[in-house]
Amino acid sequence: MQHLLNPPQREAIHYLDGPLLVLAGAGSGKTRVITQKIAYLINQAGYKGTQIAAITFTNKAAREMQERVTPLLEGKSGKGLTVTTFHSLGLQILRQEAALLGYKPQFSILDASDSFKILSDILATTDKQLLRKTQWQISSWKNAFVSPDQAKALADEEMAHAAARVYQLYQQTLRAYQAVDFDDLIKVPVELFDQHSEMLEKWQRKLHYLLIDEYQDTNACQYKLIKQLTGLRGQFTAVGDDDQAIYGWRGADVENLRQLTTDFSKLKVIKLEQNYRSTVRILRAANQVIANNPKLFEKKLWSELGTGELLHVTATQSEEHEAETVVMKLQAHKFEHRTTYKDYAILYRSNHQARIIEKFLRNHKIPYTISGGSSFFDKAEIKDIISYLRLVANEDDDPAFIRAATTPKKGIGNTTLERLGEYASAHKMSLFAAAFEGGFQHDIGAKQLEDLLTFCRYIQTLQGRAVKDPANEVLNDLLTAIQYETYLYDGEEARAAETRWGNVIEFVSWLSKKGEGSTEYGNESEGKNLLELTQMVSLITMLEGREDSEPDAVKLSTLHASKGLEYGHVFLIGCEEGILPHTNSIDADQIEEERRLMYVGITRAQKSLNITWCKKRKRAGEMQACEPSRFIAELPKDDVKHFGNPFNGPDQVLSKDYGKSKMANIKAMLASKPT
DNA sequence: ATTCCGGCTCCAAGG
DNA sequence: GAGCCGGAAT
């Protein structure tokens, strides 16, 4: 994609007279504009690296940006450049000003499942739906910058009032744990800046220029942070595309794009409409689908990359048949076009759709990598280890205490924990502190107390070592001390245990490397001890940078996680009413965002696009008939070729070894004629 | 009575 | 994939 910069790109890079909004269509070279602009600021416009912050939403985007900008920088002036995610920036601010906010520097960062458990305790229920709803409600309040008191005042019905009360208790609990959740990482700094203008001025003096990626995904809180940081100077570049706004569900508001034009009267708007990624047919499809959405800014992508292949839309009998079709088509296409596996991506609306595809890929020995979905850091074995680290860093972190104290089993059971919990809450102290209280100690048996104290004292020795010994040494000793490997092999069959232990090893070596601080840019992780690494770990969801040379593997990804990426050949599966658009979105009248998801999916493809849907799908235990997605009907007829009988083709009988037949199916596939 | 196991069901999206 | 359930095994 190396071309000369086109005029709007050049203009976007050189424009420094005030706030700038770059409306960058899919594949229009947006990352290039941001990285080149950073280089321009530093190499030509006299900015220092330390004065510039580029903000992204994902760690991956931040890493890619850092990697692409580093070679462009000349000399030392680029040193100290901040390329970071919103959450990581929030953490940085929070950590520096922790004392002022009444937090210890090593406060914990809770993940969604920790929050879920806390809410479950507060509400004294296991009703998942209610808990999810409450969690969502609280998160929405936070993203909209609404405090518990304000939530109570605003609550017009009893339900909302109850939720606001839970919100308050939840915040009190987090306080007691010396913990924040993901939403707080943005919200608390904004509050801090609201209340302490001198702190805000300090940060404004530090950061002279902001660049914000994926601006359409900002929520009210994030926008407020940007406004605070840019202040009166108003020197920033926001890059976004209203057609790719797909994070409304976590509080992002496309309106923020329009808001910019009203909040900054001098806002300059530049559109990037030339696409350097896809064929004309793919772009025409994308344009025509998205044309069904109301427009915030008029924009039409065009390409000079030739007409290209027809899009394929295939109706399949079932999920199994769909998976098989995709695998067969992929194999045939790869063979025919002499491509490699990494030229292909299979995209879907929800994570669970990947499972069946994985199964078929495995059966056919096709290598694949999967992104999005349940992440490395969500694995039980990783969370186990992290719970020790969290507890060592912050002994007030009760959720970490409970997990570490009970995993692996070490004689600390429910009764002990309950007594400890009672005492701790009665005396308003942490579980850890309560364990050392005489008042509590004669409440339980001698053996139990002995085991509990052994555990707590061990944590204390780790606290001492964590600040002075190398991270990998401490970690390895920890694993030995708690006999984690034995625990894994006792609990599971050898193969599963082996995988889990492998994950642990990988985690430890990854973390150790971070601790050495040998990263080439000398950024965040330099020379950090184990405690400082712990907070950073909480913000990371994927293990990155393991392989420098990407393996030759098919990419599996959710549509959300695919944003910003491109692939030669894309399979977009499960294009049915109820899947894409998702049922919940149909019910909530949020078709436009689903359409943008479809748009994102289409525009990932460079050369070919395969869309599939199932005529029948197993749902709630039984096979149900499905309708093709309304978005399929929105594709331009002349650019699409249909396969499979979309109406009432004969139901295929699925034999037991359905996924295992190989050549026969390839042949059948190749022979199949378009209807 | 307690634990163990296999099958069944559950799925919106991410930092 | 993981949590949950019912039935089997201890």
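First the proteins, then the strands, lettered A, B, ... as listed; each starts at 1. What you see below is based on every heavy atom in this structure, not just the backbone, and it leaves out hydrogens, waters and symmetry mates.
Between A:Ser585 and A:Phe57, the one whose closest nucleotide on DNA chain B sits nearer the 5' end is A:Ser585. Each of A:Gln590 and A:Ser139 has a nearest nucleotide on DNA chain B; the 5'-most of these lies closest to A:Gln590.
Computed from coordinates, the A:Tyr348 OH to B:dC11 P distance equals 19 Å when rounded to whole Å. If you take NZ of A:Lys187 and C1' of B:dG15, they are 17 Å apart, rounded to a whole angstrom. Atoms CD1 (A:Ile382) and C1' (C:dA2) sit 16 Å apart, rounded to a whole Å. Taking atom CG of A:Leu539 as the reference point, atom C1' of B:dG15 lies 7 Å away to the nearest angstrom. Between the P atom of B:dA13 and the CZ atom of A:Arg250 lies a distance of 13 Å, rounded to the nearest Å. In this structure, CD1 of A:Ile246 is placed 11 Å from P of B:dG15, rounded to the nearest angstrom. For the pair A:Gln135 CD and B:dA13 C1', the computed distance is 14 Å after rounding to whole Å. The nearest whole Å value for the distance from the CD1 atom in A:Ile386 to the P atom in B:dG15 is 15 Å.
Between the base of B:dA13 and the side chain of A:Trp249 there is a donor-acceptor pair shorter than 3.5 Å. The base of B:dG15 lies outside donor-acceptor range of the side chain of A:Asn59, with no N or O pair under 3.5 Å.
By the criterion of a centre-to-centre distance under 5.5 Å and near-parallel planes under 30°, the ring of A:His582 forms a stack with the base of B:dA12.
When heavy atoms are screened at a 4.0 angstrom cut-off, A:Thr58 is found touching the sugar-phosphate backbone but no base atom. Residue-level contact check: A:Glu594 touches the bases, meaning some heavy atom is under 4.0 Å from a base atom. Residue A:Asp183 is classed as a base contact, given a heavy-atom separation below 4.0 Å to a base. Nucleic acid contact for A:Tyr247: sugar-phosphate only, since backbone atoms but no base atoms lie under 4.0 Å from a heavy atom of the residue.
Under the 4.0 Å criterion applied to side-chain N and carboxylate O atoms, A:Lys30 and A:Asp241 are not assigned as salt-bridge partners.
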Residues 581-591 of chain A side chain polar contacts: donor-acceptor under 3.5 Å, at least two apart:
unit_1, atom_1, unit_2, atom_2, d
A:His582, ND1, A:Asn584, N, 3.0
A:Thr583, OG1, A:Gly578, O, 3.1
A:Ser585, OG, A:Glu594, OE2, 2.8

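Checking B:dA13, B:dC11, C:dG1 against the side-chain heavy atoms of A:His352 singles out B:dC11 as nearest. Comparing atom distances between the A:Ala561 side chain and each of B:dA12, B:dG14, B:dC11 picks out B:dG14 as nearest. Of the candidates B:dA13, B:dG14, C:dG1, the closest approach to any side-chain atom of A:Ser350 belongs to B:dA13.
Of the side-chain N and O atoms in A:Thr558, one or more sit less than 4.0 angstrom from OP1 or OP2 of B:dG14. Distances shown here put a side-chain N or O of A:Asn351 below 4.0 Å from the OP1 or OP2 atom of B:dA13. The side chain of A:Arg500 places an N or O atom within less than 4.0 Å of a non-bridging phosphate oxygen (OP1 or OP2) of C:dA2.
Residue A:Lys133 places its NZ atom among 12 or fewer non-hydrogen atoms of other residues, nucleotides or ligands, all under 6.0 Å distant.
For A:Tyr170 and A:Tyr167, the distance between ring centers is not under 6.0 angstrom.
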A:Leu185 and A:Val180: CA distance, side-chain angles, deciding distance, side chain to side chain contact (heavy atoms under 4.5 Å, CB included) verdict: CA-CA 7 Å; A:Leu185 285 173; A:Val180 297; 4.0 Å; yes
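Taking all atoms of both residues into account, the shortest heavy-atom contact from A:Leu609 to A:Leu572 is CD1-CB, 4.5 Å.
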